[in-house]
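Here's the structure we're looking at; comments come further down.
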Amino acid sequence: MCGIVGYIGYRQAQPVLLNCLSKLEYRGYDSCGIAVNNGHLRGFKDAVRVEALKAELPSLEGSLGIGHTRWATHGKPTAINAHPHFDCTGKVAVVHNGIISNFEELRLHLLKEGHTFVSDTDTEVIPHLIEKYYQGDPIGAFQTALTRLEGSFAIAVLFEKYDKLLVSRRESPLVVGIGDNETVIASDVPALLEYVDNVIYLEDGDTAVISKDGVLIEQNGAAADRTVHHVNWDRSKVEKNGYDHFLIKEIHEQPDVIKDSLSGFFGSQEEEKDSLIDSNLSGLTMLGCGTSYNACLVGKYIFEELLGIPVRVESASEFMQRGRIISSPVVIGLTQSGETADVLLSLKRLKKPQVKILVITNVPGSTASRIADQVIYTAAGPEMSVAASKSYMAQLIELFKMAFTSKLLDTATRERLLKEFRSLNVIVQRVLETEREIAECANILARSSTAFYVGRGINYPTALEGALKLKEISYIHAEGYAAGELKHGPLALLDEKTPVVALVTPEEVYGSMVSTVKEIKARGSPVIALADERDDSIASIADFVIKLPHTSGIFAPVVNVVALQLLAYYAAKFRGCPIDFPRNLAKSVTVV
Ligand code: F6R
């Protein structure tokens, strides 16, 4: 769960590497470092953020280099454990993302052979292995070393007095950006966007030799042809553009995300489509992690309510641990990054001729997209904040689109809902306009050490998502709960110091939510209610009311989640938290 970068071209490598690394800090930011090769190999690293490293760095001349931003897994976040790592001679420099699972065994062998280790990392075995096998042929030494490694990796290597960049990947992501007379490699596309529009997603087991003249990719000793993808992401999306944080910028981008997701949808949804969720489907399994898992839970409600298909939702981190795998004929994997290890392993286990895998992901060419039989790309654009917001919105919109294009939906319901669906961007914009009132409510949360979020039916997953957002960015303990479950235990925790955020939206569950709010008030907890703008009675029961635009119940997740994202953002801001880079978290969780 680190970010790696590399550069070869006509520019000075140092500023390019630092710039790319700053765009990868969402993958980890415990420590960072770079190495530049100018005939002579020089490295510099420290247990600081990229911005601080920039200030510390001497000028390392050269137009070939590698860099790394770390999220510690093996060894503490110290300067010594930061990458690049070197061999005994200082002539081989390596950056690595992933985990070398047999590093202890390799390290013991190498120690016996006289190699000296300076760090506690698994990565350090790589430069020493390369050193061991080096007999004048850098590529041969690199490839032999790779055969000894077990586990997951994306690796970039520099050799002193060698004017090429060597890279390889197995399970961890690695993208090669092809520019005019320059090549930039990185763990993820946003890091490259300033320099290139065309990218190659390396496949598992690929090795690439990158020189000023181009890129040669090999798999099992044979040349491999890989598709060059054009990335049409807007570059301004990887800058904060005047906002204090990426998160608040991305929350505000959601009306546009909805518009982009719906572009071309109206007018085409009546057409006959080859949909995986038509034709006698007996059941559906949906899986994801974290926020994507919560989107799956919303999907369950949408598909069961609108289409009558039984849907099982699995947390991928649990599912991949199962002994016996029982699958539905269609599996939908949701993953913003397309690189979440738990999701990838689950999908790989499920991949069988009789199972169709549909992946909904935000990253073109990501590993999940390549496992899938069918892919839907969300239109969120690059999401830079570690905490997901607009990608969740884009996932919800794609799930609705799937339901609305299914032949299982009756025409009257479709027509009624499509009218609202068309204007969801405007509705979400109106939620954003209540930002100031939401910020005032956030003050109450910011002063608490714990909070509950409760909802029923389709709003239950939103309660989970609201609580997840609050925990991860404000460090306030929060529990998302099905409102009806409160009385089966957690009610014991409620008191005047425990605010409860209640999702009191109209339609079927309204009456039971009002009862829940009364139950909570009887225990003295302050209640922040998210309610429909037409609801005049909830204000007499709840302490604070956030009034939201009216929608049909099925669209409540879209409206409510925006309010909860803002609530979490402002609570975190009042507490002075590093919102875009929550402690201990990284955006792509590429380890299990
Ligand atoms: C929370 C968050 C995480 C991710 C989870 C899955 O804000 O961002 O919980 O949702 O790590 O990531 P993806 O969707 O990339 O598989």
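Order of listing sets the numbers, starting from 1, for every ligand and every atom in it. As the structure is a prediction and not an experimental result, all values here were calculated from the model.
Between G333 and L347 the shortest heavy-atom distance is CA-CD2, 4.4 Å. Summarising the geometry of I4 relative to A156, their closest heavy-atom pair is CD1-N, 4.1 Å, with the distance given to 0.1 Å. The two residues K401 and S261 make their nearest non-hydrogen contact at NZ-O, 2.6 Å.
Between Q336 and the choices T291, N362, T378, the side-chain hydrogen bond (donor to acceptor under 3.5 Å, both in side chains) rule is met once, by N362.
Shortest contact from atom 2 (C) of ligand 1 to any protein heavy atom: T291 OG1, 3.8 Å. Distance from atom 11 (O) of ligand 1 to its nearest protein heavy atom, with residue and atom name: V589 CG2, 4.0 Å. Summary of contacts: the protein heavy atom closest to atom 16 (O) of ligand 1 is T340 OG1, 2.4 Å. Atom 15 (O) of ligand 1 has S337 OG, 2.6 Å as its closest protein atom, hydrogens excluded (heavy atom only).
Using a 4.0 Å heavy-atom cutoff, C289 is listed among the residues neighbouring ligand 1.
Rounded to the nearest 0.5 angstrom, L424 CG and I258 CD1 are separated by 5.5 Å.
Contacts of E339 with ligand 1, taken as heavy-atom pairs under 4.0 Å, are absent altogether.
Nearest residue to atom 14 (O) of ligand 1 from A568, G290, A388, S292 is S292 (criterion: closest heavy atom).
In terms of N/O distances under 3.5 Å, ligand 1 is approached by V386. At least one N or O atom of E472, backbone or side chain, sits closer than 3.5 Å to an N or O atom of ligand 1.
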Which donor-acceptor pairs under 3.5 Å do side chains of residues 430-438 form with protein atoms, sequence neighbours excluded?
from, atom 1, to, atom 2, distance (Å)
R430, NH2, E533, OE1, 2.5
T434, OG1, V431, O, 2.5
E435, OE1, H252, NE2, 2.9
E435, OE2, H252, NE2, 3.4
E435, OE2, Y570, OH, 2.4

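A donor-acceptor contact closer than 3.5 angstrom links the side chains of S391 and E383.
Listed by number with element, the atoms of ligand 1 under 4.0 Å from a non-hydrogen atom of Q336 are 13 (P), 14 (O), 15 (O), 16 (O). Those atoms of ligand 1 that come under 4.0 Å of a heavy atom in K469, given as number and element, are 1 (C), 7 (O).
A cation-pi arrangement, defined by a distance under 6.0 Å to the six-membered ring centre and an angle within 45 degrees of its axis, is absent between R583 and Y29.
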